[in-house]
Number of protein chains: 2
Amino acid sequence: MLDSTPSLLTTARNKLEEYLLKKGLRRSSERFAILEEVYSRDDHFDAEDLYQAMHQRSFAVSRATVYNTLEVLVDCGLVRKNQFGDEDNTKSRFEKGLGRQQHAHLICVNCHRVIEFCDPRLQLIKTTVGHTMQFQVESHSLVFYGECNDEMCVARTKAAAANANSN
Amino acid sequence: MLDSTPSLLTTARNKLEEYLLKKGLRRSSERFAILEEVYSRDDHFDAEDLYQAMHQRSFAVSRATVYNTLEVLVDCGLVRKNQFGDEDNTKSRFEKGLGRQQHAHLICVNCHRVIEFCDPRLQLIKTTVGHTMQFQVESHSLVFYGECNDEMCVARTKAAAANANSN
DNA sequence: ATGCGTGCAAAGCCTTTGCAGTCTC
DNA sequence: GAGACTGCAAAGGCTTTGCACGCAT
């Protein structure tokens, strides 16, 4: 692949630079290092995951900085913040915000696997509702909870159910 | 109105009774009192709201009992638990689960107002996705975030924005 | 040089848990 | 009477905050 198309990370870095400049915020090395880590991942990670990853990457930052930077990145659209109410009430999970179309999530209530999907009808609903309710819709969060068909997950769940029945 | 149609509360009480019996749980007065409070409200309340309301109702229960009972009520479908990721990460908000069709929420990012709406297309998406992804979808959570058009909210937001610009 | 950003640890908030006493079954 | 449920307070997990130091501007 030629370099004529800038990588996602490069685009993100430029966008962050622009945002910091516009807001009069400082371009600290921590902010760019964290951005890099975020854009090297393809999963839905929480703040602690990111904190640990930065330490393994031998760019140790404090948790405070992780939280602070994530807020900046969310604010400029480079990171998306999700509140999945499945396993853990309190924990937020993040994902990169560039280079992916709007999507929704499917979460297995047993193994907590997260699957992404897109459906154009969601956009239609958004438009209709905004219009009907006189509401400026800016973003959405659609999550379906259910049971996935992964072999190991199903097996484990069946075993657990059998256990529960014996009570 | 005649009593031939049992009230929502009565229906809920019966359902709870049935559930407790089936599960071999005890029919404590706290559980029924909390159910009554829940079904007297039409809003999206959190655990603390409920705790306070019970004390004003002079049926004082502990927070532990509030949380315990809410879990029971969620489990038997008499209460719905929402994780709105707007104002506060950690707080769950609850609403009664009977006598209302499946719906989604619209949340104002400024005043945190919660509006409910229904759209049949959501059901279609659910069906399609479940089929495509081989996933047994059990429940959903759809939230749109945006700005509502309430007069006071708009005024307050404009004032806040003006303040921010002067920085 | 100014003062924002970072790191550390402590505090905060919502929620869960442990233990003793109480009430349902 | 047995043990599940409640109340209280303490602990727990994630996140935010206060303060001192360091770095970008």
Side-chain angles (χ1 to χ4, degrees), chain A residues 13 16-35 37 44-55 58-76 79 81-94 112 167, chain B residues 16-35 37 44-55 57-76 79 81-94 112 167:
Chain A
R13 220 166 356 212
L16 176 55
E17 196 127 2
E18 183 192 334
Y19 173 86
L20 294 175
L21 210 65
K22 193 186 73 186
K23 289 275 187 176
L25 300 173
R26 294 192 180 162
R27 297 178 297 158
S28 72
S29 57
E30 286 84 356
R31 283 175 175 159
F32 287 94
I34 289 176
L35 180 72
E37 171 60 29
H44 298 78
F45 55 91
D46 61 39
E48 185 65 19
D49 293 333
L50 190 50
Y51 172 80
Q52 296 298 343
M54 292 305 292
H55 279 250
S58 56
F59 194 112
V61 293
S62 70
R63 287 192 179 76
T65 299
V66 168
Y67 281 103
N68 167 32
T69 302
L70 280 173
E71 192 183 330
V72 170
L73 296 179
V74 167
D75 200 53
C76 63
V79 166
K81 182 178 184 173
N82 299 297
Q83 230 79 52
F84 300 144
D86 60 326
E87 186 175 10
D88 196 312
N89 283 340
T90 67
K91 205 184 301 183
S92 297
R93 283 194 255 166
F94 304 86
H112 309 292
N167 290 349
Chain B
L16 176 56
E17 196 128 2
E18 184 192 331
Y19 174 86
L20 293 175
L21 211 66
K22 192 186 71 184
K23 288 274 188 176
L25 300 173
R26 294 191 180 163
R27 298 178 299 158
S28 72
S29 57
E30 286 83 358
R31 284 175 174 161
F32 286 95
I34 290 177
L35 181 71
E37 171 60 29
H44 298 78
F45 55 91
D46 59 41
E48 185 65 19
D49 293 334
L50 190 51
Y51 172 79
Q52 296 297 343
M54 292 305 292
H55 280 249
R57 177 187 269 262
S58 55
F59 193 111
V61 294
S62 71
R63 288 191 179 77
T65 300
V66 168
Y67 282 102
N68 166 33
T69 302
L70 279 174
E71 191 182 329
V72 170
L73 295 179
V74 167
D75 200 52
C76 64
V79 166
K81 181 177 186 175
N82 299 298
Q83 230 79 52
F84 299 144
D86 61 326
E87 187 174 10
D88 197 312
N89 284 339
T90 66
K91 205 184 299 182
S92 297
R93 283 194 255 166
F94 303 86
H112 309 292
N167 290 349

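Keep in mind the model is a prediction, meaning the values are calculated, not measured. We name chains A, B, ... by the order of the sequence lines, and we start the count at 1 in each one.
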Crowded around A:E48 CD? As in, over 12 foreign heavy atoms under 6.0 Å?
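More than 12 heavy atoms, drawn from other residues, nucleotides or ligands, come within 6.0 Å of this atom.
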
Passing option when B:E17 is tested against B:R27, B:R31, B:K22 for side chain to side chain donor-acceptor pair (under 3.5 Å)
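Testing B:E17 for a side chain to side chain donor-acceptor pair (under 3.5 Å) against B:R27, B:R31, B:K22 leaves exactly one candidate, B:R27.
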
Round to a whole Å and report the spacing from [atom1] of [X] to [atom2] of [N].
X	N	atom1	atom2	result
A:Q83	D:dC14	CD	P	13 Å
A:Y67	C:dC13	OH	P	17 Å
B:F32	C:dC23	CZ	C1'	15 Å
B:R63	D:dA10	CZ	C1'	14 Å
B:L50	C:dC14	CG	P	15 Å
B:K91	D:dT15	NZ	C1'	14 Å
B:E71	D:dT6	CD	P	12 Å
A:E48	D:dG12	CD	P	16 Å

Using 0.5 Å steps for rounding, measure from the CG atom of B:L70 to the CG atom of B:L73.
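Rounded to the nearest 0.5 Å, the CG-CG separation comes to 6.0 Å.
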
For A:T69 and B:K81, find the nucleotide of DNA chain C closest to each by heavy atoms; which residue's nucleotide sits nearer the 5' end?
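Looking at the nearest nucleotide for each, A:T69 comes out on the 5' side.
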
Just call it for A:S92: base, sugar-phosphate, or nothing, with non-hydrogen atoms closer than 4.0 Å on any strand.
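If one applies the 4.0 Å heavy-atom cut-off, A:S92 turns out to touch the sugar-phosphate alone, with no base involved.
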
Are [X] and [N] close enough that a side-chain N or O sits under 4.0 Å from OP1 or OP2?
X	N	answer
B:S28	C:dC23	no
A:N68	C:dT6	yes
B:R31	D:dC5	yes

Write down the atom of B:I34, the atom of B:V66, and the distance for their closest heavy-atom approach.
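B:I34 and B:V66 have their closest heavy atoms at CD1-CA, 4.1 Å.
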
Heavy-atom closest contact (A:Y19 atom, A:C76 atom, distance):
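Closest heavy-atom pair between A:Y19 and A:C76: CD1-CB, 3.2 Å.
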
Minimum-distance nucleotide (side-chain atoms of B:L25 versus C:dT6, D:dC5, C:dG5)
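The answer is D:dC5.
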
Between D:dG7, C:dT15, D:dT17, which nucleotide has the shortest distance from any of its atoms to the side chain of B:S62?
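Between D:dG7, C:dT15, D:dT17, the one nearest the side chain of B:S62 would be D:dG7.
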
Please determine whether any donor N or O and acceptor N or O are separated by less than 3.5 Å between the side chain of A:R26 and the base of C:dC4.
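Donor-acceptor pair under 3.5 Å: yes.
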
Determine whether any donor atom in the side chain of A:R27 lies under 3.5 Å from an acceptor atom in the base of C:dG5, or the reverse, and answer yes or no.
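Not at all, since no donor on one side and acceptor on the other fall under 3.5 Å apart.
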
